[in-house]
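Note that the coordinates shown come from a computational prediction; the quantities given were computed from them, not determined experimentally. All residue numbers refer to positions in the sequence shown, counting from 1. Read the numbers this way: they start at 1 and go in the same order the structure lists the ligands and their atoms.
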Amino acid sequence: MTASGSNSFVVVANRLPVDLTTTTDGQREWVPSPGGLVAALSPVLESHQGCWVGWPGIIDEAPEAFRTDKGVLLHPVKLGATDFQEFYEGFSNATLWPLYHDLIVTPVYNRDWWDTYREVNLKFAAEVAEVAAEGATVWVQDYQLQLLPGILRQMRPDLTIGFFLHIPFPNADLFRQLPWRDETVRGLLGADLIGFHLESNATNFLDLARSMGLEVEGNAATREIGAKITTNDGREVGVGAFPISIDVASMGTFDDTDAEKIAQMRGELGDPSTIILGIDRLDYTKGILQRLLAFEELLETGAVEPADVTFVQVATPSRERIEQYRVARSKVEEAVGRINGRFGTIAHPVVHYLHRSLPKDELRYYFRMADIMAVTPFKDGMNLVAKEYVACHDDGTGALVLSEFAGAAAELTQASLCNPFDMESVKRSLLNTIQSLQSSPEMMTERMHQLHQQVTEHDVNLWADAFLHCLEESRAHHA
Ligand code: ADQ
């Protein structure tokens, strides 16, 4: 196939950064789509004025490509109802998501879903091949599109292809459960460079490649091509760790007007001495229920007084048609109701729960207002929420309670780390943090300053620049 497109930099992801939705009065409207991938990639695409290929969030429709006011060309891919059910909800989110998150729920292996996954990857490949200029750089994102690098390599050998996985890569023993493991690895190896968040993820992939008889040279390293895999057709594929981050500048600074707004929000919560905050997509991997149960036990034992500490949980609706997500939501909502029934008063619930997406500007206020951010996933590729919280505390206020199983724990070492599988550990982290903010404010300020410096020095630009630099290096190597 020859090049017909004019875009020299193309990002392809399952979703576009905006979803086409129908408002209550029947109007069509583009709204920001949820999740960490969009948050991280939007500023990168804007700075490259690139083309973003993805699904527009609506069945059976693919509006004409258009340029955003920030200069990004959005190229929608049409998916039908079966694609949505079997590729997105099925294979991506009920097979790969639980498998790659270490089996927090049991993955479903369904042959029809796999066939549709393959077909949809072919569909994305045809769109990319159409928009990409001769010799373009194509950056493929995430677990929904693992076959795309291999298909594109066949269709368009002129392209430089990078792949980045936003979720963890499991250890080889777990991955081997996947009935279509060989095809999946072959798909990934179509890339010139494969990036993971952490060296441990990259090492899992290299171990897997070795176990499949492929030649592996070197070891996983961060922000460099530490290792190379030689494919059966003699190509070299770079592998590296590239910890994703956030656009720190976009979290902004807080002025006096912001301070007034935040004081008003605190007042509306009854001016408690400590506000604990959770902000997550409502996903069973995020440990929302466990952190609520830990809070409930702290109230129950009298370690925490309901009048002193308020819990605010903001949960974005996510994958709501999948059974496990419905179960997760109903358990969370049951716990919120029970805790408020037991410990709240009419005017003052102890847990404030919002099940909706909030604009980024408003989220910033929540982040700044919270004394403690509770991020307690059972497993998370990185977790941008933890970094966003830190970015909003340049003044040294606040504290972060963070799961050891979030990728972010490898970098945010000044957080209070906890094991979400161990209720006592979550309780201890929350309680120690509540107490330390009162008893050792200088130490806590120093910790937050160190966290803030870490996030500021390792922002999303460093992530994207490092990945694209290594991708360029692998292109030069092949030329
Ligand atoms: P996610 O699982 O979506 O991302 P995360 O990294 O925390 O998790 O990103 C969530 C994003 O959504 C954040 O930018 C957050 O501000 C936003 N968000 C959450 N709740 C919101 C709400 N109620 N309203 C508005 N915005 C909300 C996946 C992986 C992660 C990895 C990212 C990026 O699972 O491990 O960090 O991709 O690679």
Heavy atoms only, cut-off 4.0 Å: how does [X] contact ligand 1, side chain, backbone, both, or neither?
X: Trp97; value: side chain
X: Leu354; value: neither
X: Val385; value: both
X: Arg356; value: backbone

Classify the ring geometry of [X] against [Y]: parallel below 30°, tilted from 30° to 60°, perpendicular beyond 60°.
X: Phe467; Y: Trp139; answer: parallel
X: Phe295; Y: Phe311; answer: tilted
X: His101; Y: Trp97; answer: tilted

>> Centroid separation under 6.0 Å, is that true for the rings of Phe91 and Trp114?
In response: yes

Can you name the atoms of ligand 1, numbered from 1 with element, that are less than 4.0 Å from a heavy atom of [X]?
X: Arg281; answer: 1 (P), 2 (O), 3 (O)
X: Val314; answer: 23 (N)
X: Leu363; answer: 16 (O), 25 (C), 26 (N), 27 (C)
X: Lys360; answer: 14 (O), 16 (O)
X: Ile279; answer: 19 (C), 20 (N), 21 (C)
X: Gly381; answer: 35 (O)

>> Check whether Phe378 forms a cation-pi arrangement with Lys286 (NZ or CZ under 6.0 Å from the six-membered ring centre, at most 45° off the ring normal).
In response: no

>> Is the positively charged end of Arg364 above the ring of Phe254, judged by distance under 6.0 angstrom from the centroid and angle within 45° of the axis?
In response: yes

> Listed by chain and number, what are the side-chain contact (heavy atoms from CB on, under 4.5 Å) partners of Asn121, not counting sequence neighbours?
Replying inline: Phe87, Tyr117, Leu145, Leu147, Leu148, Ile151

>> Tell me whether Tyr143 reaches ligand 1 (any heavy atom closer than 4.0 angstrom to a ligand atom).
In response: no

Options [options], ranked by nearest heavy atom to [atom], top entry:
atom: atom 25 (C) of ligand 1; options: Val38, Leu358, Val460; result: Leu358
atom: atom 18 (N) of ligand 1; options: Asp280, Thr316, Leu384; result: Thr316
atom: atom 8 (O) of ligand 1; options: His197, His355, Lys286, Met382; result: Lys286

>> Less than 4.0 angstrom from a charged side-chain N to a carboxylate O is my criterion; do Arg321 and Glu89 meet it?
In response: yes

> Going by an N to O cut-off under 4.0 Å, is there a salt bridge joining Lys261 and Glu362?
Replying inline: no

> Is there a nitrogen or oxygen of His101 sitting under 3.5 Å from a nitrogen or oxygen of ligand 1?
Replying inline: no

Acceptor/donor pairs from residues 47-55 side chains to any protein atom, 3.5 angstrom cut, sequence neighbours excluded:
residue	atom	partner	partner atom	Å
Ser47	OG	Val44	O	3.0
His48	ND1	Val44	O	3.0
Gln49	NE2	Glu46	O	2.9
Gln49	NE2	Lys70	O	2.9
Trp52	NE1	Arg15	O	3.0
Trp55	NE1	Ile58	O	3.2

